[in-house]
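Start at 1 and go down the list; that is how both ligands and their atoms are numbered.
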Amino acid sequence: MPERMMENTGQSMVPRHVAIIMDGNGRWAKARGLPRGFGHRKGVEAVRDAVKSAREFGIEYLTLYAFSSENWRRPEDEVNDLMGLLKIFIKRDLAELHSADVRIRIIGARDGLRSDILQLLLEAEETTKNNGGLVLVIAFNYGSRDEIARAVAKIAGDVAGGRLAASEILPETISHYLDTADIPDPDLLIRTSGEVRLSNFLMWQAAYSELVFIPEFWPDFDRKIFLQAIETYKGRERRFGAVGKADVGSKIAESI
Ligand code: FPP
């Protein structure tokens, strides 16, 4: 029997799409008197674990916020360190991810990326494009406002070119123009490190996501903590703007 059944994470209740803001690498390192880079290195190990757990739990999409469009404001050394870590991750792990049937998708702005990084990201997407297992979405040089602005510019171009009528612009149309066009909205969004904000991450897509904020720093995120976040999610009632099941029942009872 798959382990997820034994632990009562019944498949139907497992979120289809989990998105994670991996926060707290710097504080994890600082708490140990280490340079921030150590935290990021340990963070990559937590990424490997999270991918493994997501596959085991039967999650279909895992989106990780690896580098935001605002992270360019960090000191040059740290930016280079993060770029280097992503490069190492793809170089070292691509073959293993591919053989585990993982499909890699990259969201975020591609303009202005170093050509070696862009090349690697494109290669990772191309190599794994026919895989049917977990979809690992890496948000790199990503920011919601930037993504929405790029989508609006594309929409405006299509309207100006006569390919789209302004009257056809519905919420679904906007979703279709985002980087996440064919990816379902996240069911569960987790942020580590105790910070309670979205930081420009999937702001359109997370309109109805369940948000779970956990105190642990990202390098400490492991299978057990992941499972706890899923249990929290399972305890939530998702209403998507409608009324809860209990309320529907009582309304019917009142009207009889
Ligand atoms: C936030 O911690 C973390 C990041 C900005 C980067 C996350 C990147 C990785 C885990 C490594 C590379 C990613 C992949 C997918 C291989 P912080 O530095 O903001 O921590 P702080 O808030 O404590 O300073």
Do any N/O atoms on [X] end up under 3.5 angstrom from N/O atoms on ligand 1?
| X | result |
| --- | --- |
| W28 | no |
| N71 | no |
| W218 | no |

Under a 4.0 angstrom heavy-atom cut-off, which atoms of ligand 1 come close to [X]?
| X | answer |
| --- | --- |
| R36 | 17 (P), 18 (O), 24 (O) |
| A66 | 6 (C), 7 (C), 8 (C), 13 (C), 15 (C) |
| R27 | 21 (P), 22 (O), 23 (O) |
| H40 | 18 (O) |
| V44 | 11 (C) |

Legend entry - Worked check of side-chain contact (heavy atoms from CB on, under 4.5 Å) between I90 and I117: CA-CA 10 Å; I90 298 212; I117 300 274; over 6 Å; no
Legend entry - Any L64 heavy atom less than 4.0 Å from ligand 1: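 False for this residue.
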Legend entry - Proximity flag R74 to ligand 1, non-hydrogen atoms under 4.0 Å: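 Right, R74 reaches ligand 1.
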Inset, instruction - Keeping the roles fixed (side chain from N200, backbone from S144), state whether a donor-acceptor pair exists under 3.5 Å. - result: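 Yes.
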Inset, instruction - Give the residue and atom name of whichever protein heavy atom lies nearest to atom 3 (C) of ligand 1, and the separation in Å to one decimal. - result: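 It is M22 O, 3.0 Å.
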Legend entry - atom 9 (C) of ligand 1 [closest protein heavy-atom partner, distance rounded to 0.1 Å]: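 Checking every protein heavy atom, the shortest distance to atom 9 (C) of ligand 1 gives N25 ND2, 3.9 Å.
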Legend entry - Test ring pair (Phe, Tyr, Trp, His ring centres under 6.0 Å) applied to F140 and F67, Y65, F89, the passing residue: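 In the set F67, Y65, F89, the residue that makes a ring pair (Phe, Tyr, Trp, His ring centres under 6.0 Å) with F140 is F67.
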Legend entry - Ion pair check, K224 and D222, cut-off under 4.0 Å: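 Judged by the 4.0 Å cut-off on N to carboxylate O distance, K224 and D222 do not form a salt bridge.
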Legend entry - Electrostatic pair E96-R48, nearest N-O below 4.0 angstrom: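 No.
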Inset, instruction - Assign the ring pair F240 / Y208 to parallel, tilted or perpendicular, where the plane angle (0 to 90°) is split at 30° and 60°. - result: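 It falls in the tilted class, 30° to 60°.
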Inset, instruction - Among R150, R110, R105, find the residue that satisfies the salt bridge (Lys or Arg N to Asp or Glu O under 4.0 Å) test when tested with D179. - result: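 Of R150, R110, R105, salt bridge (Lys or Arg N to Asp or Glu O under 4.0 Å) with D179 is met by R150 alone.
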Legend entry - Any donor-acceptor N or O pair under 3.5 Å, side chains Q228, E216: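 No, no side-chain donor-acceptor contact under 3.5 Å.
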Legend entry - ligand 1 contact on K30 by region, counting heavy-atom pairs under 4.0 Å: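 Neither; nothing of K30 gets under 4.0 Å from ligand 1.
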Inset, instruction - Take H17 and D185 through the test side-chain contact (heavy atoms from CB on, under 4.5 Å) and record every step on the way to the result. - result: CA-CA 7 Å; H17 182 176; D185 288 342; 5.9 Å; no
